[in-house]
Each structure stands twice: as structure tokens, then as C-alpha cells.
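Chain letters run A, B, ... following the sequence lines, proteins first and then strands; every chain starts at 1.
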Amino acid sequence: MIEHDLFAALRARTVAALAELLPDLPGDAFARVLMEPPRDPSHGDMATNGALVVAKLAKQAPPRLAAALAERLAALPEVESAAPAGPGFVNLRLREGVLRAQLPVILAEGTRYGDGSVGARRKVDVEYVSANPTGPMHVGHCRGAVVGDALANLLAKAGWDVTKEYYINDAGAQVQALAMAAYWRYLQALLRTPAGAVPDAPALRAFAASDRGREAFEQAFGVALQYGGDYLVPVGEALAAEHGAALVPDGGGVPAGAALDAIRDVTVARMMVSIREDLAMLGVEQDVFVSEAALVRAGKLEQAEQVLADRGLIYRGVLEPPRGKTPEDWEPREQTLFRATQFGDEVDRPLRKSDGSGTYFANDIANHLHKIERGFAELVHVWGADHGGYVKRMQAAVAALSSNTVPLDVVLAQIVHVVKDGQPVRMSKRAGTYITLRDLIDEVGRDAVRFTMLTRKADAQMEFDLDKVVEQSRENPVFYVQYAHARCRSVLRGAGDPAAGDLALAPLDSLVDPAELALIRRLTTWPRTVEAAALAREPHRIAFFLHDLAGDFHVLWNRGREDTTLRFIREDEPQATRARLALVAATATVIRSGLAVMGVTPVEEMR
RNA sequence: GGACUCGUAGCUCAGCUGGAUAGAGCGCUGCCCUCCGAAGGCAGAGGUCGAAGGUUCGAAUCCUUUCGAGUCCGCCA
């Protein structure tokens with residue numbers, strides 16, 4: 001039997017057997033039938049709850065049904081024995097060789113082993129990172145970037161047709177504030193250009209002074225510069241080089257109109273270049289970058305409003321103040337509202353600011369209309385946990401726009417607390433203890449960052465200990481998994497790097513040690529791990545699987561230390577050596593495959 | 001006041017969408033290097049799954065209530 005996923009194969013046979021035993025049951029009665037690795041290895045190789053699940057519908061006692069099912073399953077060619085157990089499980093022991101026969105399957109499929117079909121090639125849009133383009137990426141963005149990227153890879157592996165997307169929040173107050181800061185840097189840059197090019201405005205010199213310039217600028221324009229960082233210095237220089245003094249309004253006031261647009265557009269473009277460089281360093285390269293401002297300019301907002309209005313989901317109304325805690329400056333105000341409550345949200349949500357422009361939510365509705373129009377069957381977002389309160393309204397909007405045909409899943413990524421020397425590192429722009437993504441990658445390396453970010457469930461808070469992620473010990477899962485792969489590669493190199501196709505032909509009868517069989521069993525659970533993790537949108541499961549797999553391999557390696565007959569390469573036993581090399585090659589392949597989902601590079605040797 | 005995410009071993013966390021006796025790492029205890037694959041390995045102790053009810057053959061998992069932590073709460077994104 002050559003099957004890609006042994007568990008899926010035996011499950012299908014179980015369902016078929018049940019259907020024969022219970023011909024009157026409808027086909028969907030078997031949906032909850034599972035074939036799983038048993039928790040206790042003494043129970044056998046696989047266990048199914050099939051009899052338990054359908055017993056009630058079949059009006060039979062579970063143990064009796066389990067016995068009948070076991071009898072049928074025992075007759076399968078793959079099955080050595082099948083026994084009813086407990087409240088109605090059936091435990092299966094596979095015929096010798098069936099497990100081992102997975103090794104040539106793995107070797108033949110290579111890193112495609114584990115590719116699934118649950119996605120059914122449905123188009124899914126995975127949107128993640130989506131940081132404001134107002135500065136460099138920092139560690140706060142990092143987790144969402146890694147989780148989103150790994151999740152996208154995971155869905156692709158499980159059979160979805162994936163688009164990786166970044167939504168650029170380039171319309172709104174934050175970006176206006178950024179433009180003002182860039183304008184200030186531009187004035188500074190102008191002063192360093194030949195005097196003839198600088199307009200004769202006395203204020204200019206004061207704004208651009210190195211010591212009090214910022215305060216003077218803020219006072220004169222009545223703004224607080226939110227983005228004072230040095231990273232805007234080159235932007236100011238670029239503006240000065242390209243436009244000279246042409247962007248300074250006559251009389252030296254606040255730039256507006258085309259001049260402001262130019263400043264903003266150049267600045268945002270520069271920031272996006274920088275962000276994409278940062279993301280590339282992290283190994284994140286998205287397919288599509290959608291600009292909020294471009295959507296607004298294209299009239300997507302009005303179009304989305306029209307869609308909702310046509311369905312009677314928009315009205316003018318006044319919201320109640322939040323119960324219990326009324327904001328100080330609360331006053332009732334008539335607003336354009338979306339009937340989010342019809343789709344499970346707590347309150348209806350405003351779409352327009354008082355100046356007539358769209359709220360962030362309204363613009364994001366336009367963004368989602370854009371996604372739906374592009375034909376995505378499913379939408380997935382990775383957001384920071386601070387956006388948790390935003391989930392229901394967005395799901396309501398997508399449900400409304402798509403008439404409940406397109407599901408939106410939101411994965412919330414909790415805050416990462418960076419720890420160094422046992423002390424939490426406070427993140428503060430003002431105090432300058434602000435860790436950029438680049439700093440982090442420079443310090444511990446891209447692979448360690450990515451792997452570590454996936455060693456927790458996304459919605460669990462996480463400590464990122466800068467010392468531990470580079471530590472070479474068992475405590476560090478990055479090291480532990482990489483070390484297993486390096487050991488595999490070391491063995492294979494020692495054997496002259498045999499081709500996978502050659503090893504796939506090796507007789508495997510000599511693989512009988514419990515540690516060898518445990519490793520093979522683990523390898524056979526890779527396809528179902530991919531499928532379950534993709535359905536749950538939980539890429540961290542891949543990291544845990546790899547950790548377990550590495551553990552099984554290290555156990556085998558260590559057995560070889562005590563018992564030399566268990567070593568992988570034995571000069572006196574060419575047959576056994578080939579069989580073990582096949583096992584080692586399959587292990588390395590699956591580790592590589594898992595690391596690829598995580599976006600981590602497998603290493604050839606530990607240095 | 002409400003919403004969302006959590007609460008599992010001393011610590012950090014898994015727990016495969018409701019399954020059998022709840023797991024891993026660290027820490028702790030005890031063993032294991034004259035030599036061969038010890039940046040390690042083997043074994044052990046350690047739990048009323050925050051609490052109380054409920055749903056059913058069966059609950060850490062689902063529902064209700066409650067306690068605690070974090071996040072958020074009309075024109076910030």
C-alpha cells in the first residue's frame with residue numbers, strides 16, 4: 001500500500017467498514033470519525049473512535065459496535081490486529097512493514113511529503129504585518145510578521161491557493177503627522193544646500209536649527225512632532241535634492257495641497273522601501289501591497305457604502321455612550337452608521353468622520369470589498385492583540401459585503417516582551433530603548449527569531465529572551481531542531497550522500513528497534529499535523545512537531561552511543577546501513593519540510 | 001460597566017477542534033563518561049487542568065455563573 005497519509009488511508013477504510021455494517025446511516029454520520037495515534041503506544045499504532053461516534057445514531061451499544069468494527073478492520077491487508085478497547089475504541093496494530101513502507105513514500109515525495117488537499121485550492125488572502133508606514137519595523141511588528149508568513153506557508157502546504165498581502169495604512173492622521181515631520185527634516189536639509197536655493201524666510205533658519213529647531217517648528221505650526229527619529233533625515237535630504245525649495249509655501253506657512261501630497265507620497269514610499277527591506281531580512285516577501293489611500297482615491301469607500309446601503313445596512317443615527325464609563329467629552333452626535341448588530345456585533349459602527357472622510361473602519365471595509373471582488377473564498381488576518389476589539393465588526397462587515405459567503409478568520413498575536421540579562425526591556429521611543437527589527441535580527445539571527453516566535457500559540461503572551469534564543473542547549477528548541485537536522489546531514493555525508501531515489505529502494509526489514517519505529521511513527525503523522533494546524537490556523541504546531549521529531553531522532557542517536565549495533569553506519573552490515581540511511585534521509589526531509597513552513601533555513605552543520 | 005484573549009506541574013508552555021492512566025522542557029532527586037557519537041543520556045518525584053454548577057457514554061476542551069491576568073471600548077490606526 002502506497003499512501004501519502006497513513007492515518008487518512010486507514011480512516012477511509014474505517015468509514016467504509018462502518019458504512020457496510022450500518023447501511024441505513026446517512027453518509028454524513030461519519031464526519032466525526034477519527035483515526036489517531038494512540039496516546040499510549042501500548043495500545044498499538046492507531047486508534048479510532050468510529051464506533052463511539054456513530055453508536056447513538058445506530059442505536060447500538062458502543063462496545064458491541066466496536067467489536068464488530070474491529071473484526072472488519074482486522075481483515076484489512078494492512079492490519080495485523082484490531083481490538084475493541086475502553087468505552088468503544090478500536091485499537092489497530094499495523095502489519096509489519098506497513099509503517100516502514102512510508103519511508104520510500106517520503107523519500108520519493110521529498111519536501112512535498114505532507115502537502116495536503118484540505119484547502120481544495122480555494123483562494124485565501126492572508127493579510128499580515130500591515131504596520132503604519134511611519135517608521136522602521138520594531139519588535140512589536142515581528143511576531144505578527146512571522147506568524148502571518150508561516151501561516152500563509154502552512155495554508156499553501158495544506159492545499160490552499162494563498163496570496164500574502166500587506167495593507168498599507170497610508171491614509172489618515174498618522175500619515176499626515178509623518179508628513180509634517182518629514183517637512184521639518186526637509187527644512188533642515190534645505191539649510192545645508194547652497195544659500196541661493198533657500199527662500200529668504202527668517203523662520204526657516206529657526207526651525208532648522210539643530211538645538212531648538214524642533215520646538216520652534218512645533219510652536220510655530222501648533223503641532224507636536226510624533227516622528228522625530230533620525231530615519232527621516234535622508235527623506236528630508238531626498239526632498240531637498242529633488243524639489244529644492246519649491247515645497248516651501250510663500251510666506252513659510254504649513255505646506256498644503258500638491259506640495260503636502262508630494263511630501264507625504266515621497267515619505268510613505270521611502271518608508272515602505274525600508275519596511276520591505278526589514279521584512280526581507282526576516283524572510284518575509286509578500287505578494288501584494290494594497291494602499292489604503294489608493295483605495296480611497298479609487299472610490300472604493302463610496303462603492304462599499306453603496307453595496308451596504310443597497311442592502312439596507314446603513315442609516316443616520318445617534319449612538320448610546322458606552323455603558324459604565326462615559327468619556328468626559330461625550331456628546332450625542334448623529335453619524336452614518338453600519339448595522340453591525342445584524343451580524344453579531346454589539347453596537348452599530350460609524351463610517352464617516354465629522355469632516356466627511358472615512359473612518360479607519362470604513363476604509364477597511366473598502367479594503368475588504370476589494371478582496372472579495374478579487375475572488376478570495378476565505379480571508380485570514382493576523383492582528384496585534386490590541387485590535388481584538390475590532391474583530392467582530394470586521395467580521396460583520398465581511399459577512400454583510402459577501403452575503404455570508406466569505407469567512408474572515410482573525411489570528412491575534414499577543415505582545416512579545418523582550419528580556420535581556422534577565423531583565424525586561426522596556427520599549428519606549430522617547431527613552432530610546434526602542435528595539436528595531438533589524439537590531440533584533442542582527443543580534444540573534446533571522447532563523448532564531450522566526451523559530452522562537454512560533455514556539456508559542458499566537459494568542460499567548462511570550463517572553464523573548466535574547467540570551468536563551470542563541471543558547472546552544474536542549475532548552476533552546478531552535479538549536480535542538482537544527483542540531484537534529486545537522487546530525488542527519490552529518491550521517492548522510494559520512495555515507496557519501498546517497499541519492500533519495502536510491503535509498504527508496506533499500507530493504508527496510510532491519511528497522512525493528514523501538515526507537516526506530518517510534519521515529520517512523522512520528523514521520524507518518526506529519527501530513528495530519530499539517531492538515532490540523534492549517535485548519536486551526538495554528539502555525540506554532542509545526543514548531544512543536546519538529547521539536548518532538550527531533551527528540552525521537554536524538555533518542556535514536558543516543559541509543560547508538562550505548563549500543564553500537566544501533567549506529568547508522570555499520571561497515572559490516574551494508575543492508576542495515578542502507579535501511580537506516582533511508583530513515584535518516586526521511587527524517588532530514590521532514591525536518592526540512594517543516595522548517596520551510598516556518599521560514600527557517602535548515603543547517604548542514606552546527607558551528 | 002461591557003467586549004475580546006487567556007488561566008494546565010515550582011517556572012515557561014503543549015494538549016492533535018469532546019476520548020482511554022493530562023504531557024514536554026527547565027528546575028529538583030538518583031544513577032551513567034579509561035576507550036568508541038556526553039554542547040549529553042536514563043530513571044524518579046511533582047497536578048482537585050483558577051473555582052462552582054451544567055450538557056453526555058466521556059469534559060482541560062462545549063454552556064452558565066464566578067475569581068484572577070492582559071488588551072480594548074463614538075471621528076487613533
Residues that R349(A) engages under side-chain hydrogen bond (donor to acceptor under 3.5 Å, both in side chains), provided they are two or more places apart
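R349(A): side-chain hydrogen bond (donor to acceptor under 3.5 Å, both in side chains) contacts with D345(A).
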Taking 4.0 angstrom as the limit, do R580(A) and E516(A) come out as a salt bridge?
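Salt bridge flag = yes for E516(A) with R580(A).
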Any donor-acceptor N/O pair, D348(A) side chain to T341(A) backbone, under 3.5 Å
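Present.
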Between the main-chain N or O of D115(A) and the side-chain N or O of H4(A), is there a donor-acceptor pair closer than 3.5 Å?
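Looks like yes, one N/O pair under 3.5 Å.
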Under 3.5 Å for both donor-acceptor distances, Watson-Crick or wobble: does [N] have a partner, and if so which one?
{"N": "C35(B)", "answer": "none"}
{"N": "U5(B)", "answer": "A69(B)"}
{"N": "G44(B)", "answer": "C28(B)"}
{"N": "C62(B)", "answer": "G54(B)"}
{"N": "U17(B)", "answer": "none"}

Nearest-angstrom distance, [atom1] atom, [N] to [M]:
{"N": "C13(B)", "M": "G27(B)", "atom1": "C1'", "value": "14 Å"}
{"N": "U21(B)", "M": "G25(B)", "atom1": "P", "value": "23 Å"}
{"N": "U8(B)", "M": "C76(B)", "atom1": "C1'", "value": "37 Å"}
{"N": "G68(B)", "M": "G47(B)", "atom1": "P", "value": "26 Å"}
{"N": "A14(B)", "M": "A52(B)", "atom1": "P", "value": "24 Å"}
{"N": "C16(B)", "M": "A60(B)", "atom1": "C1'", "value": "14 Å"}
{"N": "G18(B)", "M": "A59(B)", "atom1": "P", "value": "14 Å"}
{"N": "A51(B)", "M": "C4(B)", "atom1": "P", "value": "22 Å"}

What is the separation between atom [atom1] on [X] and atom [atom2] on [N], rounded to the nearest whole Å?
{"X": "R393(A)", "N": "A77(B)", "atom1": "CZ", "atom2": "P", "result": "13 Å"}
{"X": "R456(A)", "N": "A24(B)", "atom1": "CZ", "atom2": "P", "result": "17 Å"}
{"X": "M394(A)", "N": "C4(B)", "atom1": "CE", "atom2": "C1'", "result": "17 Å"}
{"X": "D552(A)", "N": "G41(B)", "atom1": "CG", "atom2": "C1'", "result": "15 Å"}
{"X": "M453(A)", "N": "C13(B)", "atom1": "CE", "atom2": "P", "result": "14 Å"}
{"X": "W383(A)", "N": "A3(B)", "atom1": "CH2", "atom2": "C1'", "result": "14 Å"}
{"X": "Q176(A)", "N": "C76(B)", "atom1": "CD", "atom2": "C1'", "result": "14 Å"}
{"X": "Q395(A)", "N": "A3(B)", "atom1": "CD", "atom2": "C1'", "result": "13 Å"}

Identify all side-chain donor-acceptor contacts of residues 482-489 of chain A below 3.5 Å with residues at least two apart in sequence or on another chain.
unit_1	atom_1	unit_2	atom_2	d
Q482(A)	OE1	V603(A)	N	3.1
Q482(A)	NE2	T601(A)	O	2.8
Y483(A)	OH	R487(A)	NH2	3.3
H485(A)	ND1	V603(A)	O	2.8
H485(A)	NE2	R592(A)	NE	3.4
R487(A)	NH1	H554(A)	ND1	2.9
R489(A)	NE	E604(A)	OE1	2.7
R489(A)	NE	E604(A)	OE2	3.3
R489(A)	NH1	D497(A)	OD1	3.2
R489(A)	NH2	D497(A)	OD1	3.3
R489(A)	NH2	D497(A)	OD2	3.4
R489(A)	NH2	E604(A)	OE1	3.3

Counting side-chain heavy atoms from C-beta on, which of [options] comes nearest to [X]?
{"X": "Q174(A)", "options": "C76(B), A39(B), C42(B)", "value": "C76(B)"}
{"X": "R333(A)", "options": "U5(B), U71(B), G74(B)", "value": "G74(B)"}
{"X": "E346(A)", "options": "A3(B), A77(B), C42(B)", "value": "A3(B)"}
{"X": "D386(A)", "options": "A24(B), U71(B), C76(B)", "value": "U71(B)"}

Taking 4.0 Å as the cut-off, does a side-chain nitrogen or oxygen of K392(A) come that near to OP1 or OP2 on C72(B)?
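So the side chain of K392(A) is outside the cut-off, no N or O lying under 4.0 Å from OP1 or OP2 of C72(B).
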Where does C33(B) land, syn or anti, given syn is within 90° of 0?
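Because its glycosidic torsion lies within 90° of 0, C33(B) adopts the syn conformation.
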Can you tell me if CD on E334(A) sees more than 12 non-hydrogen neighbours from other groups inside 6.0 Å?
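Atom CD in E334(A) is crowded, with more than 12 foreign heavy atoms closer than 6.0 Å.
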Output one line per pair: protein atom, nucleotide atom from nucleotides 43-45 of chain B, and distance, for all N/O pairs under 3.5 Å.
none

Assess whether one donor atom and one acceptor atom, taken from the side chain of H387(A) and the base of A77(B), lie less than 3.5 Å apart.
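Per atom types, the contact qualifies.
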Which pairs pass salt bridge (Lys or Arg N to Asp or Glu O under 4.0 Å) with one or both residues in residues 335-344 of chain A, sequence neighbours excluded?
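Counting only pairs at least two positions apart or across chains, no salt bridge (Lys or Arg N to Asp or Glu O under 4.0 Å) contact touches residues 335-344 of chain A.
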V391(A) and side chain to side chain contact (heavy atoms under 4.5 Å, CB included): which partner among R393(A), Q395(A), H387(A)?
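The side chain to side chain contact (heavy atoms under 4.5 Å, CB included) with V391(A) is passed solely by Q395(A) among R393(A), Q395(A), H387(A).
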Applying side chain to side chain donor-acceptor pair (under 3.5 Å) as the test, list every pair that has at least one member in residues 45-61 of chain A; sequence neighbours left out.
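Checked against side chain to side chain donor-acceptor pair (under 3.5 Å) - neighbours excluded - the pairs reaching residues 45-61 of chain A are D45(A)-R521(A).
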Measure the CE-NE2 distance between M394(A) and H381(A) for me, rounded to the nearest 0.5 Å.
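Between atom CE of M394(A) and atom NE2 of H381(A) there are 6.5 Å.
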Could you check if a side-chain atom of I275(A) sits within less than 4.5 angstrom of a side-chain atom of H141(A), using non-hydrogen atoms only?
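Heavy-atom side-chain distance check fails, nothing below 4.5 Å.
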Using a distance-only test with no angle check, is there a side-chain donor-acceptor pair under 3.5 angstrom linking R316(A) and T336(A)?
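There is such a pair (donor and acceptor under 3.5 Å, judged by atom type) between the side chains of R316(A) and T336(A).
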Would you mind classifying the nucleic acid contact of Y390(A) as base, sugar-phosphate or nothing, using non-hydrogen atoms under 4.0 angstrom?
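Answer is base: heavy atoms of Y390(A) come under 4.0 Å of a base.
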Just checking F568(A): base, sugar-phosphate only, or nothing, at a heavy-atom cut-off of under 4.0 Å?
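Base, at least one base atom sits under 4.0 Å.
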Could you go over nucleotides 15-21 of chain B and give all protein N or O partners under 3.5 Å, atom names and distances?
unit_1	atom_1	unit_2	atom_2	d
G15(B)	OP1	H540(A)	NE2	3.2
C16(B)	O2	R528(A)	NH1	3.0
U17(B)	O4	L535(A)	O	3.1
A20(B)	OP2	R39(A)	NH1	2.8
A20(B)	OP2	R39(A)	NH2	3.2
A20(B)	N6	N91(A)	OD1	2.6
A20(B)	N1	N91(A)	OD1	3.1
A20(B)	N1	N91(A)	ND2	3.1

Return the 5'-most residue of the pair L319(A), A173(A) with respect to RNA chain B, ranking by each residue's nearest nucleotide.
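That would be L319(A).
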Using heavy-atom distances to pick each residue's nearest nucleotide on RNA chain B, tell me which of A385(A) and E292(A) is more 5'.
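By nearest-heavy-atom nucleotide position, the 5'-most residue is A385(A).
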